[in-house]
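What follows is a short report on a single structure.
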Amino acid sequence: MKRIAVLGSTGSIGLNTLDVISRLKSSFDIIGLSADSNIKLLSRQARHFQPKIVSVGSGALIKQIKHALPSRTKIVSGVDGLRAIISRGDVDLVVFAISGSSCLIPLIDAIKNKKRIALANKESLVSAGSIIMSEAKKNKVQIIPIDSEHSAIFQCLDGKRSFLSKVYLTGSGGPLLNINEYKFDNLSRNFVLSHPKWKMGKKISVDSATMMNKGLEMIEAKYLFDIGEDAIEVLIHPEAIIHSMVELVDGTIFAQLGIPDMRIPIQYALTYPDRSRNTAKRIDFSKIRALSFLKPDFKKFPCLELARQASSAGGTAPGVLCAADEEAVKGYLDGKIRFSDISKIIAKVLRRHRNIMNGKNPTIDDIIEAEEWAKDETRAICQH
Ligand code: NDP
Ligand code: MG
């Protein structure tokens with residue numbers, strides 16, 4: 001029986017994780033759950049799974065949720081609340097399904113506490129990948145990726161790491177792949193949010209439309225698998241059947257295939273290194289007929305290029321990229337800026353950023369400070 005905490009249980013990945021756990025309930029005991037503000041759903045989940053502890057986004061919400069929780073469930077809040085969950089002795093495995101940069105400190109804590117990590121959150125790896133991976137190495141903690149591309153690479157590399165020559169990071173191309181860029185600002189937000197292949201939270205759905213998601217994933221792969229940017233090629237694969245590929249030194253290519261359903265990589269991260277049966281649909285190759293591939297269009301999707309530049313600048317630039325993106329996406333979702341402004345604003349913030357850590361590894365405090373600066377800067381630009 002694995003004792004598990006699901007941080008961000010009310011989101012898209014969180015809900016899929018609880019669905020997987022419900023099907024494998026004899027193998028898992030849920031100790032902790034967390035949400036930011038959706039206390040209605042969190043309390044429903046708590047009554048169903050009877051966790052020992054739940055965390056909410058702020059202290060003010062504790063009063064509101066208290067009466068709706070099982071009497072034995074402890075309530076905590078904020079980043080300290082998340083830290084309280086992951087430091088418990090009765091938690092073996094932590095699923096990081098929180099969106100954005102807020103789970104960086106709890107993630108590092110969980111690694112220091114030698115918990116097994118199932119990681120969906122990509123922003124923390126982008127901002128502080130080298131710190132996270134070196135802590136994981138030092139503490140002999142394995143990070144099992146949930147992001148479908150990284151789960152694919154992880155599985156393809158099993159036992160072959162020393163022969164790796166290149167990674168093909170695939171992406172469906174998002175909802176705007178076949179839309180002329182001059183029409184981007186006339187599209188409704190609903191259209192931008194409706195991904196053709198995956199059902200996800202709002203932030204990552206906008207990131208998929210701008211293709212920033214693929215840019216962040218490139219940086220995520222660089223740190224997770226310790227490979228240079230030059231060895232990662234982004235490949236558009238609209239059918240979303242291949243979830244990524246690795247090429248070995250002798251030219252042999254391994255790919256991981258499956259239907260686009262996040263419950264498959266989530267289940268693998270939970271049961272690793274074992275596998276369990278599930279009810280996910282199977283591929284019918286006769287219906288797919290063809291698998292196609294194209295090069296990404298860096299001009300049409302400038303966020304890809306911004307991510308590449310931030311990645312090679314290193315230091316605090318990837319954190320600034322991430323933070324500016326988070327705020328710009330919020331600005332877009334709140335109707336303050338147009339779709340095409342997202343990449344322009346991120347580029348402006350990156351230009352203004354003084355990457356004093358260039359060439360060196362920043363500390364967590366440097367990263368958090370740079371991210372706070374980038375968020376303030378982006379918010380100010382979005383107001384104008
Ligand atoms: P959602 O927006 O659907 O859910 C986010 C979850 O995190 C919710 O439970 C939310 O609580 C909680 N949360 C948000 N902000 C905070 C905060 N400041 N403090 C504490 N909790 C917070 O996101 P997704 O599930 O789509 O994505 C989660 C992460 O996984 C992201 O990093 C994303 O990039 C990554 N990912 C997602 C994929 C997907 O298919 N969705 C695929 C691959 C990676 P509340 O509900 O109360 O707001
Ligand atoms: Mg992905």
Side-chain angles (χ1 to χ4, degrees), residues 5-20 32-45 54-59 61 64-65 76-83 85-86 95-107 117-127 145-154 169-174 193 195 197-208 211-221 224 234 237 240 242-244 256 260-266 269 322-323 325-327 329-330 333 371 375:
V6 183
L7 305 185
S9 59
T10 52
S12 164
I13 293 285
L15 286 167
N16 277 320
T17 303
L18 295 182
D19 187 58
V20 169
L33 296 175
S34 91
D36 185 27
S37 60
N38 192 346
I39 53 172
K40 205 167 160 192
L41 180 53
L42 182 65
S43 55
R44 209 174 331 130
Q45 292 176 341
V54 298
S55 182
V56 289
S58 68
L61 292 171
Q64 293 179 41
I65 192 176
V76 288
S77 69
V79 172
D80 289 342
L82 299 176
R83 298 179 86 174
I85 296 183
I86 57 93
V95 179
F96 281 88
I98 289 178
S99 57
S101 52
S102 50
C103 66
L104 177 56
I105 298 291
L107 173 60
I117 312 285
L119 185 63
N121 178 279
K122 58 187 76 180
E123 293 86 350
S124 50
L125 262 183
V126 172
S127 305
I146 284 180
D147 207 347
S148 57
E149 296 78 2
H150 305 77
S151 174
I153 298 165
F154 184 82
L169 185 71
T170 57
S172 67
L193 287 170
H195 196 280
K197 295 292 176 186
W198 300 96
K199 208 177 164 312
M200 309 178 286
K202 282 185 181 172
K203 193 283 179 165
I204 184 172
S205 297
V206 177
D207 281 348
S208 297
M211 292 216 49
M212 179 60 96
N213 185 47
K214 217 39 65 182
L216 298 179
E217 289 184 351
M218 198 182 65
I219 306 175
E220 194 186 355
L224 264 177
V234 174
H237 165 50
I242 292 178
H243 300 305
S244 278
Q256 188 260 339
D261 181 339
M262 283 310 295
R263 287 172 299 183
I264 299 174
I266 290 171
C322 237
D325 176 56
E326 206 171 322
E327 283 306 317
V329 169
K330 258 188 220 158
L333 288 172
E371 288 194 337
K375 284 187 184 181

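We count ligands from 1, going down the list as the structure has it; atoms in each ligand are counted the same way.
Of all N, O or S atoms in Glu217, the one lying closest to the Mg ion (ligand 2) is OE2. Glu149 has its closest N, O or S atom to the Mg ion (ligand 2) at the position named OE1. When you scan the N, O or S atoms of Asp147 for the one nearest the Mg ion (ligand 2), you land on OD1.
Distances below 4.0 Å separate heavy atoms of Ser37 from the following atoms of ligand 1: 45 (P), 47 (O). For ligand 1, the atoms lying closer than 4.0 Å to a non-hydrogen atom of Gly201 are 3 (O), 26 (O), 41 (N). Proximity to Ala97 (heavy-atom distance under 4.0 Å) selects the following atoms of ligand 1: 5 (C), 6 (C), 7 (O), 28 (C). If you number the atoms of ligand 1 from 1 as listed, the ones under 4.0 Å from a heavy atom of Ala35 come out as 11 (O), 47 (O). Remark: ligand 1 atoms within the under-4.0 Å shell around heavy atoms of Ala120 are 30 (O), 35 (C), 36 (N), 44 (C). Listed by number with element, the atoms of ligand 1 under 4.0 Å from a non-hydrogen atom of Lys122 are 32 (O), 34 (O), 44 (C).
For ligand 1, the polar-atom distance check against Met200 finds no nitrogen or oxygen pair separated by under 3.5 Å. Every N/O-N/O distance between Lys202 and ligand 1 stays at or above 3.5 Å. On a distance-only criterion, Ile13 and ligand 1 share at least one N/O pair closer than 3.5 Å. For ligand 1, none of its N or O atoms has an N or O atom of Ser34 under 3.5 Å away. Below 3.5 Å of separation, one finds no N or O of Ser148 facing any N or O of ligand 1. For ligand 1, one of its N or O atoms has an N or O atom of Gly8 under 3.5 Å away.
Which of Asp207, Leu82, Asp147 comes nearest to atom 43 (C) of ligand 1 through a heavy atom is settled by distance: it is Asp147. Ranked by closest heavy atom to atom 1 (P) of ligand 1, the top entry among Gly11, Ser58, Pro106 is Gly11. For atom 15 (N) of ligand 1, the nearest non-hydrogen atom from the set Asn121, Ile204, Asp36 belongs to Asp36.
Counting heavy atoms from C-beta outward, Ser55 and Val76 have side chains that approach closer than 4.5 Å.
The closest protein non-hydrogen atom to atom 5 (C) of ligand 1 is Ser99 OG, 3.5 Å. If you check which protein heavy atom lies closest to atom 29 (C) of ligand 1, you get Ile98 O, 3.6 Å. For atom 17 (C) of ligand 1, the closest non-hydrogen atom on the protein side is Ser102 OG, 3.4 Å.
None of Ser77, Ser34, Ser102 except one satisfies the side chain to side chain contact (heavy atoms under 4.5 Å, CB included) rule with Leu82; the exception is Ser34.
Taking a 4.0 Å cut-off on heavy atoms, Lys203 fails to register as neighbouring ligand 1.
Of all heavy-atom pairs spanning Glu371 and Ala323, the tightest one is O-CB, 3.6 Å.
In this structure, NE2 on His237 lies 4.5 Å from CD1 on Ile242, to the nearest 0.5 angstrom. Considering CG of Asn213 and CD1 of Ile204, their distance stands at 4.5 Å, rounded to 0.5 Å.
At a threshold of 4.0 Å, the pair Lys203-Glu123 counts as salt-bridged, since one of the basic side-chain nitrogens sits closer than that to a carboxylate oxygen.
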